[in-house]
Amino acid sequence: MAENSSTHDKTAEELDATLKQHATSSEIVPQDVRPDSFQESEEFLHSRLRVLQPVLDTFKFLLKNDEWPPFRSDWVAVSIAPLCVAIIALLTYLILPVGPAFQVADLNIGLLFILGIISLIIYGVVLGNWGSERRGALRERLHAAAQLLSSETALTLGLVSALLLSGSLSMKEIVQAQLDQGQWFIFYVPVGFLIFFAGSMTAANHAQIDPPETDMRSAGQFVTKDRDVRWALDSLADYTSILMTAGIATTVFLGGWLRPLASYRDRFPKTSVELLDVLPGLAVAAISVYCFRSARKPQIKIRRVVMNSCGGICVFVALALLGSLFARETVTAGVHGAFWFVVKVGAYVYCCFWVRLTFPNFRLDQAARLGWRILVPAAFVNLITTAMAILASQNTGLPMRFTTIVATLATLGAAAWFAKESPAVGVAQPADGE
Amino acid sequence: VNVLNTCLFYFFAVLAVASAILMVTRRSAMHAAIFLVNTLLASAGIFVLLQAEFVFIVQVFLYAGGIAVLFVFAIMLANSAAAPRVMRLGRQQVVAVALATILAAQIVFAIVVGRTSLRLPAMEAAISARNTEAVGDALFHPFIVPFGIAAVLLLVATIGAVLMAKRGRDAFD
């Protein structure tokens, strides 16, 4: 087993150490060293069950005695802070449209609801750090809050550029507008999308951004010592907010539940089955075949199990996608819409983690500079140029594609100018003290 | 639906009033700020029950998410970490009680008079369906002049704030 090489090394080391230890006493007592086979099976079991680790951890934290922060700190504030973030992030799922058929509530203030709710997340950050009476905590929490403000301003302004095009705040109507205009909004306002992406990366990522003081790993993290249920809530909040941003980006910029080439309709003769709707089902079926084939290769068992379960899931999805083609039209639209929505959200989350793991340490002053000096002004310029592009195409009859390209170029030029005008300040270590 | 609405209304109303009372009586400024946010959110809930979704979200966005955050910032900056408690107001209590009595009398008067004479027009279906558009229309057609004046005022305030911040920094340098 290839993956167990480290285990072997460890066992060899242990054995070595034990032998050395007993060499002086000139008798070998092998009870200390567990038999190889036993250890291997345990390791194997462990690695396989590690998939369930987060779930089990949560139970463990719930059962564990919660250690309250020290007496003087404000434990009410500290304990409601992660709850606040997690609940807020979960609330926004209320209005994400997963396909035309799956949406809890289609509020007419749609996107505004999400933005308003997000603006409450700052309490989580502020209160979480309020309790701790550490020296320097004040500046850290102010930094974290200011940084969160800057990225939220930027991402909101990025979204507004797409709202100019959609003309509605309702999530459903935003997707409908993209269908009507025959274009996802990312192609009309790419800069808006980029600003949203960067803003949401630094906003959702506040836990990752290093404060200049390194006694605490991150400014948005409340629990410094031991992992407990508040830590679990905190990471829950983290993941839910990533999924939430992915949902927003998918709906507003990436066409929501629409498939690529959504306005291109080509039906099979004498049926209501559309040609392009067959393709995702076939693609997923092909993936499942690939999974099953690669599971049959000689390899470690865990990989085989994973491949087999992937294949099984893909078969299920492919059956659902292909089978729904013969159902009523609303069912077809619902299933396929949900499929495309999930695929797009998955791709966005993948990109998020890609960026996040590639640049794990984003310094706070860099984030602040990016937010206030580049993203926010560029977002304003983007807003103005987009509005001008829409007006120009309404008044002169030029196609939107052309005017938005001009607008995008102008915005990029302005952004480059902003970046040039605000050079990075070396290592900006502020003077010590409060 | 009506029963549910009534229950929700009393829930939010009690929540709002209770948090308001707690906000005034807490000694820790931070706790008072948290209860203030709670009051604002509870009254936002009442706006939802009135089908004024736009007003609801403005309440959440501007008051709970904006102004109250500023309060929290100010509290954090003003208090050193060691002294998060404030003294109770002493002499001002008399004035406060007098003002509160006058306000309560006004409210009671308004209710007594309004019970018989006040007739709210029925809400138009078009407005309830397109809440945000209705607000936008109102802002940009009948109320364009006050809206413009408010915008200029805010711009001036922003520029002033930036100037003052810069001057303060020069003084430190």
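When reading the values below, keep in mind they use all heavy atoms of this one structure, side chains included, and skip hydrogens, waters and symmetry mates.
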Exercise for the section: Side chain from CB out, backbone as N, CA, C, O: work out which of these in B:V69 comes under 4.5 Å of a heavy atom of chain A, or both, or neither. Expected result: both

Exercise for the section: Could you tell me whether a side-chain N or O of A:Q181 sits under 3.5 Å from a main-chain N or O of A:L165, the two making a donor and an acceptor? Expected result: yes

Completion exercise
If you tally heavy-atom pairs under 4.5 Å between each of B:A33, B:G65, B:G66 and chain A, the highest tally belongs to B:G65

Exercise for the section: Among the options B:V58, B:I57, B:L62, B:V60, pick out the one with the most heavy-atom pairs lying under 4.5 Å from chain A. Expected result: B:I57

Handout entry: Side chain proximity check, A:F418 to A:V381, heavy atoms < 4.5 angstrom
Key = yes

Handout entry: Side chains of A:T251 and A:P97 in contact at under 4.5 Å (non-hydrogen atoms)
Key = yes

Practice task
Could you tell me which portion of A:L112 (side chain, backbone, both or neither) has an atom closer than 4.5 angstrom to a non-hydrogen atom of chain B?
Solution key: both

Handout entry: Side chains of A:S166 and A:Q178, donor plus acceptor under 3.5 Å
Key = no

Handout entry: Side chain, backbone, both or neither of A:E152 within contact of chain B (heavy atoms, under 4.5 Å)
Key = neither

Problem - Heavy-atom side-chain proximity of B:L99 to B:L103 below 4.5 angstrom - result: no

